[in-house]
Amino acid sequence: MPELPEVEVTRLSFARRILGGRVTAVRLGKPLRWPMGCAGESLLGQTVGAVIRRGKYLWLPLEGGGLLMHLGMSGSLRFADHVAPPGAHDHFDLVTTRGTLRLTDPRRFGAVVWSPAIDAGTAARLLSGLGLEPFDPAFSGASLHAGLRRRRGAVKLALLAGDIVVGAGNIYASEALFAAGIDPRARSNTLSRPRCERLAIAVRDTLARALELGGSTLRDFRDAHGVAGDFQNEARVYGREGEPCRVCGARVRRIVQAQRASYFCPRCQRR
DNA sequence: AAGTGGACCTGCTAGC
DNA sequence: TGCTAGCAGGTCCACT
């Protein structure tokens with residue numbers, strides 16, 4: 001489900017309210033992608049110091065370390081003063097004096113992992129390979145060009161890999177490539193510097209626009225207060241196979257790359 | 001060392 | 001109506 005905009009919208013929707021909350025209970029449901037790495041009781045009495053995002057991960061620093069959270073494909077977080085009794089897909093509750101943070105994740109590809117610091121333990125291992133943040137000034141046509149030059153595979157897959165730039169998943173990678181006029185099958189190392197400039201801008205602008213609109217709600221995304229996003233109504237190609245391109249009218253195509261759908265306009269986007 | 005295919009898990013929908 | 005196959009917003013890992 002969640003790409004960078006959805007994770008950031010989620011973060012913004014509860015970060016202030018949970019700040020300073022002291023943990024009074026932890027409830028674990030079914031196992032997630034990885035074991036949490038500590039007993040729930042060891043978190044009791046600790047205070048939430050911040051909610052930080054890195055790529056599609058959230059990091060909640062506590063006093064003796066922190067929790068690294070990922071929403072996987074189907075995860076979402078809610079934050080409320082009081083939560084209903086846990087349902088079948090509610091696999092983690094962090095009950096604090098400011099409210100309860102609940103992770104709901106039917107497919108359980110998400111994770112909540114304890115680490116002694118953001119740059120230590122499991123958190124360090126998971127975060128170490130991540131590329132630049134798209135809104136970091138260091139992310140530019142030049143850095144994108146440098147990253148893509150080392151690869152021969154399709155540019156869409158290079159964006160998804162997240163080791164050059166983080167945040168664009170399957171929806172926004174397709175949308176950014178449309179905005180930049182680049183065919184998702186184009187070989188990474190064949191893209192000129194000017195095209196990389198356009199792509200870097202497209203990635204940033206696409207994610208920024210999605211953020212403004214509260215993310216994309218294709219099936220079930222909601223922020224921590226249950227509010228849906230609107231970006232899906234602005235998608236130019238994602239999920240629009242066979243429909244006319246909003247720019248030129250050609251039929252949007254769907255292909256499969258690395259077992260994932262890619263959508264593009266065969267006329268507006270070139271290799 | 002980059003590229004690939006499979007794995008994890010559940011729910012929903014289209015089609016027969 | 002009911003079953004089945006296929007698909008879904010992520011990413012790690014083993015293998016070539």
Side-chain angles (χ1 to χ4, degrees), chain A residues 1-10 29-35 53-58 68-77 87-92 103-113 122-131 146-177 184-190 203 206-207 209-211 213-223 228-235 237-242 254-263:
Chain A
M1 163 187 22
E3 304 183 33
L4 183 148
E6 290 75 27
V7 176
E8 181 66 5
V9 164
T10 299
K30 286 192 189 175
L32 294 164
R33 177 155 192 175
W34 297 291
R53 183 190 55 74
R54 174 72 175 104
K56 300 170 190 167
Y57 290 91
L58 291 177
L68 190 70
M69 312 185 73
H70 197 286
L71 302 181
M73 286 280 266
S74 59
S76 61
L77 289 171
H89 302 310
D90 298 329
H91 302 304
F92 177 79
L103 173 67
T104 303
D105 186 2
R107 293 176 73 180
R108 292 190 281 127
F109 290 170
V112 180
V113 169
T122 310
R125 183 169 58 79
L126 294 174
L127 299 177
S128 65
L130 295 186
L148 291 177
R149 207 163 37 189
R150 291 183 276 108
R151 296 171 177 260
R152 279 167 297 173
V155 62
K156 161 94 178 321
L157 302 181
L159 290 179
L160 289 184
D163 52 356
I164 299 173
V165 58
V166 297
N170 211 37
I171 299 178
Y172 302 118
S174 277
E175 293 298 314
L177 286 165
R185 299 165 295 183
R187 291 195 171 278
S188 301
N189 61 359
T190 65
V203 167
T206 300
L207 294 174
R209 179 65 180 152
L211 202 46
L213 293 179
S216 297
T217 298
L218 295 190
R219 273 163 281 280
D220 51 14
F221 170 73
R222 294 287 192 279
D223 74 9
D230 288 321
F231 183 89
Q232 68 282 358
N233 302 318
E234 274 195 18
V237 287
Y238 187 86
R240 300 192 62 243
E241 181 184 17
R254 178 188 186 275
I255 59 173
V256 175
Q257 297 179 283
Q259 296 131 282
R260 313 207 60 195
S262 296
Y263 298 87

Stacking between Phe109(A) and dG10(C), defined as ring centres under 5.5 angstrom apart with planes under 30°, is that present or not?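 It does: the ring sits over the base of dG10(C).
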Does [X] have a side-chain nitrogen or oxygen under 4.0 Å from the phosphate oxygens OP1 or OP2 of [N]?
X	N	value
His89(A)	dG11(B)	yes
Lys56(A)	dG9(C)	no
His70(A)	dT11(C)	yes
Arg260(A)	dG9(C)	yes

[X] has a side chain; which of [options] sits nearest to it?
X	options	answer
Gln259(A)	dG5(B), dC13(C), dG10(C)	dG5(B)
Arg254(A)	dC7(C), dC12(C), dT10(B)	dC7(C)
Trp34(A)	dT10(B), dT11(C), dC12(C)	dC12(C)
Met73(A)	dT11(C), dC13(C), dG9(C)	dG9(C)
Arg33(A)	dT11(C), dG9(C), dA8(C)	dT11(C)

Has the side chain of Arg150(A) got a donor or acceptor that lies under 3.5 Å from a partner of the other kind on the base of dA2(B)?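 Side chain to base: no pair below 3.5 Å.
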Any donor-acceptor pair, under 3.5 Å, between the side chain of Arg108(A) and the base of dC9(B), if you only look at N and O atoms?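 Counting by modelled atom types and ignoring angles, no donor-acceptor contact under 3.5 Å is found here.
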Does a side-chain N-to-carboxylate-O contact under 4.0 Å join Asp163(A) and Arg150(A)?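 Answer for the salt bridge query: no.
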Partner lookup for dG9(C), please. Criteria are Watson-Crick or G-U wobble with both distances under 3.5 angstrom; report none if nothing qualifies.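 Pair assignment: dG9(C) / none.
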Is the number of heavy atoms from other residues, nucleotides or ligands under 6.0 Å of Arg187(A) CZ greater than 12?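 Check fails, neighbour count at 12 or below.
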Expressed as a whole number of angstroms, how long is the span from [X]:[atom1] to [N]:[atom2]?
X	N	atom1	atom2	value
Leu77(A)	dG9(C)	CG	P	20 Å
Glu175(A)	dG9(C)	CD	P	12 Å
Leu32(A)	dC12(C)	CG	C1'	15 Å
Asp105(A)	dC8(B)	CG	P	16 Å
Arg187(A)	dA2(B)	CZ	C1'	12 Å
Leu71(A)	dA8(C)	CG	C1'	16 Å
Arg152(A)	dT4(B)	CZ	C1'	13 Å
Leu159(A)	dG9(C)	CG	C1'	16 Å

Side chains of Asp223(A) and Thr10(A), donor plus acceptor under 3.5 Å: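 Side-chain D/A pair, Asp223(A) to Thr10(A): absent.
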Could you work out the separation of dG6(B) and dG6(C) based on their P atoms and round it to a whole Å?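 Those two atoms are separated by 14 Å.
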Could you give the distance separating dG5(B) and dC7(C) at their P atoms, to the nearest angstrom?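 So the two P atoms sit 16 Å from each other.
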Please report the interatomic distance OG(Ser262(A)) to CG(Leu177(A)), rounded to the nearest 0.5 Å.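 Going from OG on Ser262(A) over to CG on Leu177(A), the span is 8.0 Å.
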Atom CG of Leu130(A) and atom CD1 of Ile164(A): how far apart are they, to the nearest 0.5 Å?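 Output value for this atom pair is 13.0 Å.
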Once you apply a heavy-atom cut-off of 4.0 Å, does Phe231(A) come out as touching a base, just sugar-phosphate, or nothing?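 Contact class for Phe231(A): none.
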Mind checking if Ala261(A) touches a base, just sugar-phosphate, or nothing, with heavy atoms under 4.0 Å?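 Here Ala261(A) touches the backbone only, sparing every base.
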Sole residue of Glu3(A), Glu6(A), Arg209(A) in side chain to side chain donor-acceptor pair (under 3.5 Å) with Tyr172(A):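 Exactly one pass, corresponding to Glu6(A).
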